[in-house]
Amino acid sequence: MPRPRPHRGVASAAVGVVALAAVSLSGCASQTPGTDAADPSSIAERASVVGIAPELVYTTEVDGYDLAPQSVGPGAADGMSATWVKGTTGAMLTIRTDRGELTADSCAETPLWEAPDEPVTCTDEEGVWHRSGGGVHEYIAARDGALIRVTGMSDASPEELLAAAKAAHVPSDAELELLFSDLPEVAPEPVERGDLPENGDGAPIDPVGPGG
């Protein structure tokens with residue numbers, strides 16, 4: 001399950017935007033989790049619009065962290081990605097979902113998201129995989145054929161990442177609404193162009209002006 005190394009410049013710019021928006025949203029959007037998972041059809045209705053597999057829709061909760069809805073979107077293949085921000089410190093944690101299973105061997109062979117060139121040490125910690133290398137920590141929880149990878153930025157602690165991995169779950173109705181609140185509810189209509197010929201597949205021909 002190798003991943004390309006993220007572009008540091010783009011990531012740094014995104015961090016500022018996500019952090020500011022999450023701080024403002026934490027005061028106006030309720031994030032109290034429901035008690036029951038949302039109906040699979042409700043999850044499929046929202047997730048399929050943006051190309052996320054319904055079975056890979058997960059959320060989490062960690063004390064002091066608020067979801068940044070604008071960070072939610074497609075991840076690897078048909079998985080999803082979402083980021084939570086700690087308003088008091090600016091620390092961030094991100095979950096990325098994908099299909100698959102992990103063994104002790106494949107866990108060590110899978111590159112770390114933030115340090116893809118570092119050797120990986122894997123340990124089973126409270127039911128999730130704790131992966132570390134080069135001072136970087138991440139956790140992966142397995143849920144019904146899905147892998148939920150939890151990574152951190154801006155001094156998110158290993159304890160907080162572990163808590164997020166352990167708390168990964170299918171969203172309730174309220175959590176689903178918040179999770180997809182910044183994404184379209186229906187697929188956009190295809191744009192129809194009026195300058196293409198009715199027959200054939202040729203591009204429009206611009207007439208030649210004076211002088212050729």
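Annotation: salt bridge (Lys or Arg N to Asp or Glu O under 4.0 Å) contacts involving residues 130-144, sequence neighbours excluded, comprise Arg131-Glu138, Glu138-Arg149. Here disulfide (SG to SG under 2.5 Å) pairs that include residues 144-176, with residues two or more places apart or in two chains, number zero. Residue pairs meeting the disulfide (SG to SG under 2.5 Å) criterion with at least one partner in residues 48-86, sequence neighbours excluded, are absent. For the disulfide (SG to SG under 2.5 Å) condition, no pair includes a residue of residues 136-180, sequence neighbours left out. A salt bridge (Lys or Arg N to Asp or Glu O under 4.0 Å) check over residues 74-84, counting only residues at least two apart or in different chains, returns the pairs Asp78-Arg99. Contacts classified as disulfide (SG to SG under 2.5 Å) and involving residues 40-89 (residues at least two apart or in different chains) are not found. Applying the ring pair (Phe, Tyr, Trp, His ring centres under 6.0 Å) test to every pair with at least one member in residues 38-61, sequence neighbours left out, gives no pairs at all.
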Enumerate, atom names and distances included, each donor-acceptor pair closer than 3.5 Å involving a side-chain atom of residues 120-127, sequence neighbours excluded.
residue, atom, partner, partner atom, Å
Asp124, OD1, Gly127, N, 3.3
Glu125, OE1, His130, ND1, 2.9
Glu126, OE1, Lys166, NZ, 2.5

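The shortest non-hydrogen separation linking Glu175 to Val170 is OE1-O, 4.3 Å. When all heavy atoms of Gly152 and Ala156 are compared, the pair lying nearest together is CA-CB, 4.0 Å. Nearest approach of Gly133 to Ala115, heavy atoms of both residues: O-CB, 4.3 Å. Nearest heavy-atom pair across Cys107 and Trp129 is SG-CE3, 3.7 Å. Residues Ala141 and Ala165 approach most closely at CB-O, 3.5 Å, considering heavy atoms.
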Intermediate values then yes/no, side chain to side chain contact (heavy atoms under 4.5 Å, CB included), Leu161 and Thr151:
CA-CA 7 Å; Leu161 301 183; Thr151 59; 5.8 Å; no

Side chain to side chain contact (heavy atoms under 4.5 Å, CB included), that's the test. Do Ile52 and Phe180 meet it? Break it down for me.
CA-CA 11 Å; Ile52 298 173; Phe180 285 87; 4.2 Å; yes

Side chain to side chain contact (heavy atoms under 4.5 Å, CB included) for Leu93 and Tyr65? Distances and angles first, verdict last.
CA-CA 8 Å; Leu93 61 85; Tyr65 281 80; 3.7 Å; yes

Give the C-alpha distance, both sets of side-chain angles, the deciding distance and a yes or no for side chain to side chain donor-acceptor pair (under 3.5 Å) between Glu109 and Ser106.
CA-CA 5 Å; Glu109 293 168 356; Ser106 63; over 6 Å; no

Test side chain to side chain contact (heavy atoms under 4.5 Å, CB included) on Ile148 and Asp98; report intermediate values, then the result.
CA-CA 7 Å; Ile148 301 98; Asp98 200 358; over 6 Å; no

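Side-chain N/O atoms of Ser42 and Glu45 include no donor and acceptor closer than 3.5 Å. Residues Asp105 and Thr103 bring no donor and acceptor atom of their side chains to less than 3.5 Å of each other.
Between the side chain of Thr59 and the backbone N or O of Pro171, no donor-acceptor pair lies under 3.5 Å. Side-chain atoms of Ser48 come within 3.5 Å of backbone atoms of Ala44 as a donor-acceptor pair (strictly under, hydrogens ignored). Counting only distance, with no hydrogens or angles, the side chain of Ser154 and the backbone of Ala91 share no donor-acceptor pair below 3.5 Å. The backbone N or O of Gly75 lies less than 3.5 Å from no partner atom in the side chain of Ser81, so there is not a single donor-acceptor pair.
For Glu160, the salt bridge (charged side-chain N to carboxylate O under 4.0 Å, His left out) partners are Lys86, not counting sequence neighbours. Contacts of Pro158 classified as side-chain contact (heavy atoms from CB on, under 4.5 Å), with partners at least two apart in sequence or in another chain: His137, Tyr139. Legend: residues meeting side-chain contact (heavy atoms from CB on, under 4.5 Å) with Asp63, ordered by chain and number and at least two apart, are absent. By the side-chain contact (heavy atoms from CB on, under 4.5 Å) test, Asp155 pairs with no residue at all, sequence neighbours left out.
Atoms CD and CG, on Glu159 and Leu162 in that order, are 8.0 Å from each other to the nearest 0.5 Å.
Residues Leu178 and Pro69 meet the side-chain proximity criterion, which asks for heavy atoms closer than 4.5 Å.
Under the side-chain contact (heavy atoms from CB on, under 4.5 Å) test applied with Thr60, the options Leu67, Val150, Ile95 reduce to a single match, Ile95.
Note: the hydrophobic cluster containing Leu147 does not contain Leu56 (ILVMFWY, side chain heavy atoms under 4.5 Å, direct or indirect links). Residue Val49 is grouped with residue Ile43 when hydrophobic side chains (ILVMFWY) are merged at heavy-atom distances under 4.5 angstrom, including chains of intermediate members.
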